[in-house]
Undergrad: 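After the structure tokens below, expect a handful of questions from me.
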Amino acid sequence: MIFLKKAENEAISNFLIAKCIEVEDFGGLKLEDLWEIHNSIKVKEKYFDGEFKKPNLLDLKIEIARNIFKNCHFCEHRCYVNREKDRGFCKIRKSYYSSEFLHMGEERILIPSHTIFFCGCNFKCVFCQNWDISQVYFEKIPCYCHPYNPKDMAKIIERKRIYSKNVNFVGGEPTPHLLSILETLKYVNLNIPVVWNSNMYLTIEALKLLDGVVDLYLTDFKFGNNTCAERLSKVKNYFDIVKRNHIFVKEYDMIIRHLVMPNHLQCCTERIFKFIKENLDRKNILVNVMFQYRPEYKAKFYNDINRPLTYEEMDMAMELAKKYKLNLIL
Ligand code: SF4
């Protein structure tokens, strides 16, 4: 994984390369014209010369994200609301975060990971284990959520880089905060790989903005069909969208997490593993089969998921991982 070299400063992180790519002056252009310039550029390591251009590709991505923010389609709910004044499905307007710290509980190759927990989410998972930060926009913002300032966070990221192997944007969900995240990276001037820790319900437009910015996708692949997703996370067309998005980013380093849930071995776990085997069987993609499901938040009202996993279910999940010869993370 090239990501590991970036963590050790032996290769350059994508967002730094994007800052070295000069783009034509885009002031006053419409969104479709901004996209035209954007889509004509491909980020390659050879463009890195250590000199940040003005305007550069990252500036252009920020300008496009500002446009999308005013007609929001960062995720496939496609609310098309102006988030300066209105709220869409996620209810998020300005960005808040609950905490940032050097996380030692992520996968071994990622730690210490400087993890930034954004508040709010575009999913409403009834079993959410982070519901106290993911669902805050539906009530009053609690005192443990702080207003997010990109410049200040950039300074914190730079300060912690001495210990951290990467910066890890998570939540809740980072997708509704894409503009804030790009603005943060504008002010980060040292080499640090970017981890996108997400439910992957993004639009293609949002994925194109991340293309050439993110270094590793840390994905949360929950459901193997649309029906379970709609019932338990309140999102439509989940499986189709998340499959599409994994294929879209398959050239990147990736860790796919799957949280095994009780009674969802056939309908979800097996179908996800089969999809991975058939479409994402690559050296740069690892799979983490997770067993720490516990019935949190509203899970007690759903008979199928109102208990932890049994040992039989854990064994069955590992048998399925073997059957599909997944490239499991150690
Ligand atoms: S991030 Fe998604 S859910 Fe939130 S307003 Fe935008 S499109 Fe809607």
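Whatever order the structure lists ligands and atoms in, that order sets their numbers, starting from 1. Positions are given from 1 along the sequence.
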Undergrad: Is the shortest side-chain heavy-atom distance between Asn166 and Leu216 below 4.5 Å?
TA: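 Asn166 does not reach Leu216 side chain to side chain.
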
Undergrad: For the aromatic rings, using the six-membered ring if either is Trp, is the centroid distance between Phe118 and Tyr148 under 6.0 Å?
TA: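 Phe118 vs Tyr148: aromatic centres under 6.0 Å.
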
Undergrad: Give me the number of protein N, O or S atoms whose distance to atom 2 (Fe) of ligand 1 is under 2.8 Å.
TA: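 For atom 2 (Fe) of ligand 1, the figure is 1.
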
Undergrad: Holding to side-chain contact (heavy atoms from CB on, under 4.5 Å), I want the full list of residues that pass it with Ala154, two or more places apart in sequence or in another chain.
TA: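 Ala154 satisfies side-chain contact (heavy atoms from CB on, under 4.5 Å) with Thr184, Tyr187, Val188 once adjacent residues are dropped.
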
Undergrad: Looking only at side-chain N and O atoms, does His73 offer a donor or acceptor that is under 3.5 Å from a partner on Thr203?
TA: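 Short answer, no.
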
Undergrad: Using a strict cut-off of 4.0 Å, indicate which atoms of ligand 1 neighbour a heavy atom of Arg83.
TA: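 Heavy-atom distances to Arg83 below 4.0 Å select 5 (S).
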
Undergrad: Please name the residue in the list His258, Arg257, Glu107 that meets the side chain to side chain donor-acceptor pair (under 3.5 Å) test with Asn288.
TA: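 Only one of His258, Arg257, Glu107 forms a side chain to side chain donor-acceptor pair (under 3.5 Å) with Asn288, namely Glu107.
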
Undergrad: Fit a plane to each ring of Phe101 and His103, take the angle between them on a 0 to 90° scale, and name the class: parallel (under 30°), tilted (30 to 60°) or perpendicular (over 60°).
TA: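 Because their plane-to-plane angle lies in the 30° to 60° range, the rings of Phe101 and His103 count as tilted.
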
